Amino acid sequence: MPLSAEERREIEAEFPRYPTRRAVCIDAMKIVQRHRGWISDESLEDIAQLLEMSLDELDGVATFYNLLFRKPVGRHVVLLCDSVSCWIMGYDRLRERLCSKLGARLGETTADGRFTLLPIVCLGACDHAPAMMVDEDLHRDLDPEKAEQALENYK
Amino acid sequence: MPDVNITVDGKKLAVPAGTLLIEACKSVGIEVPSFCYYPGLSLQGACRMCLVKIEKMPKLQTACTTVVTEGMVVSTEIDEVRQARKAMLELLLANHPLDCPVCDAGGECELQDMTFSYGAAESKLIDIKNHKDEQQWSPVVYFDRPRCIMCYRCVRICGEGMDVWALGTANRGSAQLIMPNHSDYLECEECGMCIDICPVGALTSGAYRYKTRPWEMKHVGTVCTHCADGCKTTLGVRRSPTGMQIVRGDNRDKSGINGDFLCIKGRYAFDFASHDHRIQQPLIRREGRHVPASYDQAYEHIALRLKEIREQHGGHAIGVIGSTRTSNEESYLLQKFARLLLGTNNIDHHRTADFPSFAGALARKKDATASMRDVFNAPAILLIGNDPTEQHPLLAWQIRNNVRLHRARLYVVNSSPIKLRRQAASFTQIPAGSEPQLAAFLAGDDSAANALASGEITREALAALRDKLRGEPNLIIIFGSELRGSSIDSLVRFGAAISGAKFVCLGDYANSRGAADMGLYPDLLPGYVPVGSGARFHEEWGAPVPTEPGMNLLQMVDAAKAGRLKALYIVGANPVARYNLDPFALSKTFIVAHDMFLTETALLAEVILPAANAYEKSGTFTNTCGDLQLLKKAGDITTVKSDFEMLLRVADRLGFDLRQLVPFRQAERADLGQSRGAQSGEADRHAIWLEAHGLEPKLSPFDPIAMLDEIQRLVPGYDVSRVELLAGNDQHTSIEAGVASSIASQPELILPANDTLFTSGTLGRYSRTLNSVIENPRRAPADKADREVVV
């Protein structure tokens, strides 16, 4: 599917802010991801063409940022922090509960396409560990029950 | 800008402002180790191996990204630096398997050298190394992820150098890797530059991998036998049951006109030499079948028939067709053999460019040919016609990198949107076939613009282009075979008004320029001297030669059809296929063919002699720009002989005095049995020594250098430095026409090869590598794929 008129317009609106087109690459991918949930090979090609850069260079950027998704994800993305503080404060129990509840391991999407569970290194909420982030919302001071409950709000 | 004074390890030096510290160190012989730094590519600063101590800077700095400044005091050999290098190596080796004993790069690996120097093979790291199985990305490119040290050289040479951009990196971080432009395979120009530039064994060649070790080969620097650009290729040669086998081609010492560059043909397409279909012994047709014969029988047979035909019908009943891939010495000998011995001017070759018209036109402007090196340094370039990316890969590299590194202005005029337009300051697309009108327009004929203007290309735009070009001093004008005859004259007239303008006329095949320069024409002697005014040749040769122009290739075929041409001597050419000739037209003619394979043409021959190719002989080649280079024999194949030797053996059987053909040392007695020694390059080394001591080389008639003596003496423009040439350096020859107006160039005979990156005339059919890339860019290993050869 080629870039929609809206996606194209949003990307082009970024051009004046930078000296070169390729400087827009991260924003462009975020825009496409916002519309489609993830960035397919085809989308990547279209963006590369629009930004006049090579596909490989763009993919190098895409694969560097863990919040740019190069594979399809569920409707909601759960980022579970696995860095030191959260680990000490019970990350592993959290993980076990979420995995069994969702029926998906880290890196997988639930069968109903509702959640994708991903690990992340540090959400910057060590003072309220363990923490997780669902879409744009940060959830802190979790235990398995609270985490499970939190997911109920995302349909 | 004044030079900058710096101190490195106590040595004071002055270097131009803007120099990188690593280059400044190199200039005084201090080696700062590095992996990611590569001259001519953008700076990366990825490997951190070049850390040095600079006074007043708090931490160690990377010498490859630091520009020298006044008063800088640098230390490269203190303990702190050595310790840092060792630590960096330990990190680079974190995932490296250190499998040097099985790695192709073992023995010529920069990482191996560094690890030996700094002793970092023993690691403090206890983690399990990341492993990934090797991947085949194309028939010629393999990738071993664990060996990769992420220096980005391949990514940069592919993108910046080749403008292909087929490689990139993924997953930056500890799991980072190089990736091809398709998920698991490469779609690219298959040039192999990424393999050559890889400092380790991460990228390896499908043609060479696991075959041998670098120290088991002999490395011979010679000239590629495919297109007309004349890249230097270093062949790795190993002994084999048949004498020798070429196992690798690369540009190891980077000393040729091509520097870093080689395309797929120069690097991999040497494999035709060991093709199964190669003719291994002379064949004589008896009762309709080709049966093996000895060399003596073949020579005797040829001599008998030629003598008979010459005596009964005269020399004009014999024709000779030369090759665009034989050496200058062989082409020169062939036309001399024809004119002096057979008494005929019926001489021609497969013409791919109008060099005679070019020579004639240059009478207006002396010394106006550009060398391949000039193309890299010119401030501006005009390219008319041709698609160098496909047909002249080195020329395209020179143009591309001149634009990138020197900001040259490139003007492209072409009938199709060729790839080089991406580097062009201006690209003008004109209707196909209207190149002659363009030349006329440039020369001042405004009415010619009618045929050119269409759509966006207006008459005003064309006039603006012409004005712009007129204001480009030292412009190099490069044109393809689209321009012929009087169009070349127009173009040279246009260029003559531009100060310092130079020209390149593009022909195809390795020595087509040489074939033209050496007089493989019915009406031209070597150096484009008309046959009627070749007094100096007659004097030197000591015998009268026919002064009437002979028949050209197509006229010869017509004469053969009519029964007037009784014999045709063909050396290394396949006119039947190239010119799509009717084989029956030649059925009444006695044909001799020197060839490597049973081509369409060779099949018609009564006697076929198995020929050595350019990698199996010594001599010289002239590339399309006119750069003369030495061919060095890589090794012998036991069953074949050079065209030079075979021609002389036939001449000997015809009872001709060989001294008249080859001016080898007059006082010495020729020893016909010593051809191997004379051909092996032994004589070349002697010649350097002897010339340096003011002595004459001792030569046998089979030594092509003896012929080169005569060429240098008689062919205008070829009097270049012999020592430079023998030392392996390119020497630019100038092109000078004797009498410009009397040249009838017959442009209708020109037939461009139209090769792509992956084809190479008849020869290309016999390269497995080229075939495997054409057929199946995805998966077929180079050594398995083989196209059915149609003969």
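Each chain gets a letter, A, B and so on, in the order the sequences are listed, and its residues count up from 1. Everything numeric here is computed off the predicted structure, so don't read it as measured data.
- Residues that satisfy the side-chain contact (heavy atoms from CB on, under 4.5 Å) test with A:Cys25, not counting sequence neighbours, are A:Leu51, A:Met53, A:Leu58, A:Val61.
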Scan the chain B/chain A interface and emit each donor-acceptor pair under 3.5 angstrom with its distance.
residue, atom, partner, partner atom, Å
B:Leu167, N, A:Asp56, OD2, 3.3
B:Gly168, N, A:Asp56, OD2, 2.9
B:Thr169, O, A:Gly60, N, 3.4
B:Asn171, N, A:Thr63, OG1, 2.8

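- Around NZ of B:Lys132, the count of heavy atoms belonging to other residues, nucleotides or ligands within 6.0 Å does not exceed 12.
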